[in-house]
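Convention: sequence-line order gives letters A, B, ...; per-chain numbering from 1. Only this structure's heavy atoms are used, side chains among them; waters, hydrogens and symmetry mates stay out.
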Amino acid sequence: MKVAEVIVDVPTLQTNTPYSYLLPADLCDHAAPGMRVVVPFGKGDRLVEGFIIKVEVTSTAQPALKMVSGYLDEEPVLTPELLKLANWMAKTTFSFQISCLLTMLPNVMKAKYQTIATANQVLTDEKLRSKLPLQVPVELTKVDFSPAERRKIQKLRQQGALTIKYHVHNQARAKLITVLENQITDFTTVASQLRANATEQQKLLAYLKQHQQTRFVQQNLVQTAGLSRSAVQSFVKRGWLKKMMVEQRRAPELQQYVRDAAKKLTSDQQRAVTAIQAAITAEVSRPFLLEGVTGSGKTEVYLQTIQRALELGKQALMLVPEIALTPQMVRRVKQRFGTQVAIIHSGLANGEKYDEWRRIRNGAAQVVVGARSAVFAPLQRLGIIILDEEHDASYKQEDNPRYQTRSVAFWRARYHHCPVVLGSATPSLESRARAEKGRYQLLRLPTRINQQKLPQTQVVDMTKQAAAPTELFSEPLLTAIKEKLASHEQIVLLLNRRGFSSFMLCRDCGYVLQCPNCDISLTMHLDTKTMKCHYCGYETQIPKTCPNCHSHQIRYFGTGTEKAVQQLATLVPQARIARMDVDTTKKKGSLAEILRKFGQQQTDILLGTQMIAKGLDFPNVTLVGVLNADTGLELPDFRASERTFELLTQVAGRAGRAEKPGQVIIQTYNPDHYAIRYAQQHDYESFFRHEMRLRHLSGYPPYYFTVKLTVNAPQAREAAQLAFQLQEELQAQLAKTTILLGPTPRPIARINKRYYYQLIIKYKQDPKLHASLEHIQQHAQQISRTGVQIAIDPDPISFM
DNA sequence: AGCACGCCGACT
DNA sequence: GTCGGCGTGCTC
């Protein structure tokens with residue numbers, strides 16, 4: 001007798017444990033850990049998706065176990081490694097095992113559920129009868145039922161008046177196309193067997209004879225070549241064509257990539273490549289920190305180390321922030337490694353993602369490039385893991401399971417005995433500090449390739465541009481823009497705020513239009529002609545009069561990308577300007593289109609939010625302007641300076657990447673701020689020292705580890721009460737050296753009609769912390785029915 | 001999550 | 001009596 005241990009798709013703490021199921025005799029040999037199954041669960045034996053994590057043979061008669069009702073996969077979708085990883089992740093991120101297992105797979109592999117009720121007899125209750133007519137299957141989730149009605153339905157089910165059927169749908173399907181294989185060897189014999197009036201069949205035969213290949217896609221024959229479907233059918237019937245279903249990739253390689261050989265390395269690059277290659281060969285899980293200024297050729301280092309892994313028959317995983325996954329980046333990798341590359345990014349449709357994933361799973365892809373979730377790519381012979389832009393905030397998942405990609409990468413590297421390379425021009429303080437301590441091996445690329453200098457950077461003090469404080473473009477910046485336009489060079493402008501105006505103010509009564517669901521002002525968007533909330537998505541008409549006092553004296557303040565583009569267009573009417581932000585790149589393919597036009601110099605100026613700071617590599621860009629360097633500095637977060645320094649350095653790096661020298665102009669109201677000063681001087685090292693001193697003084701990471709606890713509830717008082725209660729409990733349990741901050745309301749205290757309070761735990765070492773947090777997790781489960789939620793976020797990316 | 005059970009006040 | 005609301009407990 002074989003028994004499977006199954007983790008079921010019921011995300012609660014009580015069910016966060018394996019359940020045992022009997023395996024049906026006919027499918028016994030088939031079952032293996034990592035396969036998805038359908039199992040009956042709970043009182044009504046409703047069907048849920050589950051993952052087999054173990055298969056055991058037992059001779060002893062088990063207490064009445066239920067039976068696995070079906071398989072969703074032919075082969076295991078998760079490897080033993082990933083099953084283990086899920087377990088570790090669940091523990092360290094305080095999330096459910098099932099959530100971890102499901103995040104490792106493409107979205108389509110989460111099953112869809114359906115509950116269908118059919119009335120077996122005419123129901124007596126009038127209302128219920130209209131909703132559930134006799135013998136008509138009704139999907140219960142699609143119809144509104146009151147709690148009382150739901151209860152009645154259950155009762156009727158027990159009485160047999162009504163049948164309930166559960167369905168689990170596997171959405172993951174390979175796309176199949178019909179392919180016809182030519183079986184004809186002797187065309188003349190076949191021709192003789194065709195009747196003279198079978199013109200369509202004769203056409204088909206002629207076509208087959210004319211085309212040398214043996215396999216034809218049916219759709220091509222019928223639609224492109226204009227042959228008749230019935231003629232094809234007759235051929236299949238007579239055995240001249242063999243029909244078969246073939247899996248097809250949904251995002252086929254449309255572009256042919258010209259293979260590109262390894263480039264010659266600088267001595268610094270060579271040193272880095274040698275060190276990393278040695279670790280790959282020696283199969284040691286050593287972490288490297290590759291600190292290289294923008295344009296120093298980190299990518300070439302990645303490519304050549306990947307090359308070594310491939311030569312040794314191993315595989316490579318390269319992670320990049322989503323916004324750095326530009327067509328340019330993809331091209332470079334594909335030019336080097338061709339069709340053995342799989343790319344996973346958010347631009348792919350679900351089906352396309354699934355196909356890419358399967359290419360990895362079945363071993364067709366040896367190199368995987370992708371954003372955060374690609375860290376779970378089912379590669380089985382990892383030789384190297386690369387995290388480009390390792391400091392990037394998007395590596396931390398912001399909802400459950402709140403994993404840090406970097407930590408997952410290290411876990412996998414230990415499992416595979418392979419090195420991890422963290423690359424950045426501005427490493428996170430955590431990583432840089434570890435390199436200092438010797439826990440990571442530091443590799444430096446201090447100069448740009450081709451001896452190109454880092455761009456000249458000028459800081460413009462906006463407080464001294466007093467003429468009109470609302471003016472967005474200072475004199476020096478405007479002059480530089482005009483110069484570059486005149487010499488047909490391109491410009492990148494950063495304004496880290498989208499929309500047209502960031503708030504509406506009534507000058508008569510002082511009213512500011514706010515989101516009804518959140519404690520934040522609404523942003524005006526001119527392209528949609530609405531006021532939008534950037535937190536919950538609420539939208540409303542732009543008011544013509546003050547909603548409070550009906551005065552006409554309403555004004556809009558704060559400048560976003562939309563307004564900046566408009567102003568710029570009047571200042572330099574000859575320029576062709578493109579805006580790049582969330583609003584203009586939401587549509588599939590629109591980002592690629594904006595970049596393509598800019599690359600072909602059909603636009604002169606690219607103005608956008610922080611998404612323009614990463615990965616763009618256009619040789620003709622010689623000027624980068626930062627319209628307002630202060631937006632990030634104002635945030636109440638301990639990482640505000642680090643984020644600002646990063647952003648300025650990254651965006652400055654877009655200028656002067658080829659022969660022409662670059663120029664950077666930073667406009668700010670805080671010209672003496674150290675983050676801005678050091679960014680101006682391209683001095684990461686000094687910034688690092690300065691910021692480390694501050695972190696040391698105030699006790700923040702990397703000197704302390706942190707956990708963020710967030711409580712939210714529909715009522716502010718409930719949230720506050722619980723937050724204070726948690727604070728007291730933790731105070732009593734935790735070590736004396738552990739510091740608790742708060743509880744405080746979140747900087748934006750209300751989002752989507754819920755109030756948020758948070759509590760920060762700072763610790764160096766606290767053996768009791770994990771148990772305390774597990775206890776809080778249990779408590780959270782118990783109170784979840786009352787609508788109060790607790791989120792535990794280990795190593796939060798921000799305190800906001 | 002979803003289902004059942006038990007307890008309790010309210011109502012034809 | 002029993003209907004409907006609500007809190008609690010269990011799911012191989």
Side-chain angles (χ1 to χ4, degrees), chain A residues 1-25 27-28 31 33 35-71 90 95-102 110-117 123-128 138-169 399-401 714 718 777-790:
Chain A
M1 198 82 98
K2 272 192 179 175
V3 172
E5 304 274 287
V6 177
I7 301 285
V8 292
D9 180 18
V10 183
T12 67
L13 206 54
Q14 294 101 304
T15 53
N16 190 31
T17 177
Y19 286 85
S20 307
Y21 285 89
L22 288 175
L23 284 161
L27 290 164
C28 227
M35 277 174 59
R36 294 177 305 150
V37 286
V38 177
V39 292
F41 195 74
K43 295 278 161 58
D45 272 349
R46 82 193 155 98
L47 298 176
V48 295
E49 179 180 11
F51 287 81
I52 300 184
I53 54 161
K54 209 182 195 181
V55 178
E56 280 178 324
V57 183
T58 50
S59 47
T60 50
Q62 293 283 318
L65 292 183
K66 290 184 185 176
M67 180 96 69
V68 167
S69 44
Y71 290 76
S95 41
F96 309 122
Q97 288 190 59
I98 188 67
S99 316
C100 296
L101 292 166
L102 285 168
K110 178 166 168 57
K112 281 265 180 290
Y113 299 115
Q114 253 188 334
T115 310
I116 290 168
L123 302 180
T124 44
D125 186 307
E126 206 176 309
K127 267 226 176 113
L128 216 50
V138 174
E139 197 180 331
L140 288 185
T141 41
K142 291 244 171 94
V143 184
D144 247 3
F145 290 103
S146 69
E149 284 174 329
R150 295 214 164 255
R151 186 198 295 254
K152 252 179 210 151
I153 288 171
Q154 292 306 331
K155 209 161 213 176
L156 289 166
R157 182 193 183 186
Q158 284 172 5
Q159 294 160 0
L162 192 130
T163 316
I164 290 183
K165 277 201 176 129
Y166 300 94
H167 295 271
V168 177
H169 297 280
D399 39 53
N400 275 327
E718 288 176 292
Q777 195 189 3
Q778 267 173 32
H779 186 63
Q781 180 81 38
Q782 281 160 18
I783 60 171
S784 63
R785 278 186 165 127
T786 65
V788 184
Q789 295 168 350
I790 303 176

Could you go through nucleotides 9-12 of chain B and list every protein N or O atom that sits under 3.5 Å from one of its N or O atoms, giving the distance for each pair?
none

Pairs counted only when both distances fall under 3.5 Å, Watson-Crick or G-U: show me the 5' to 3' dot-bracket for DNA chain C, [ ] for pseudoknotted crossings and | for other-strand partners. |||||||||||.
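- Between A/F96 and A/L13 there is a side-chain heavy-atom pair separated by less than 4.5 Å.
- With a 4.5 Å cut-off on side-chain heavy atoms, A/I790 and A/I783 count as touching.
- Distance alone, capped at 3.5 Å, places no donor-acceptor pair between the A/R36 side chain and the A/A111 backbone.
- Contact annotation for A/Y113: no contact, since no heavy-atom pair falls under 4.0 Å across all strands.
- Remark: A/Q158 is in phosphate contact with B/dA4, judged by side-chain N or O atoms under 4.0 Å from OP1 or OP2.
- Judged by distance alone, with hydrogens and angles left aside, the side-chain atoms of A/K66 form a donor-acceptor pair with the main-chain N or O of A/G42 at under 3.5 Å.
- Atom CZ of A/F145 and atom P of B/dC3 are 12 Å apart (whole Å).
- The CZ atom of A/R150 sits 8 Å away from the P atom of B/dC3 (whole-angstrom rounding).
- Contact of the A/V37 side chain with the A/L23 side chain is not registered, since no non-hydrogen atoms from C-beta on lie closer than 4.5 Å.
- Residues A/S99 and A/N400 are not in side-chain contact: their nearest non-hydrogen atoms beyond the backbone lie 4.5 Å or more apart.
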Which is it for A/V168 and A/V48 under the side chain to side chain contact (heavy atoms under 4.5 Å, CB included) test, yes or no, and what are the steps along the way? CA-CA 7 Å; A/V168 177; A/V48 295; 5.8 Å; no
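- In this structure, A/Y166 contributes its side chain and A/Y113 its backbone to no donor-acceptor pair below 3.5 Å.
- With contacts defined as side-chain heavy-atom distances shorter than 4.5 Å, the pair A/V68/A/I52 does not qualify.
- Residues A/S69 and A/Y21 fail the side-chain proximity criterion, which asks for heavy atoms closer than 4.5 Å.
- Put simply, OH on A/Y166 is 16 Å from P on B/dA1, counting in whole angstrom units.
- In summary, of the residues considered (A/L102, A/V10, A/V8, A/I7), a side-chain contact (heavy atoms from CB on, under 4.5 Å) with A/E49 occurs for A/L102 alone.
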Quick one: what's the B/S/- string for nucleotides 2-12 of chain C, heavy-atom cutoff under 4.0 Å, read 5' to 3'? ---BB-BB-BB
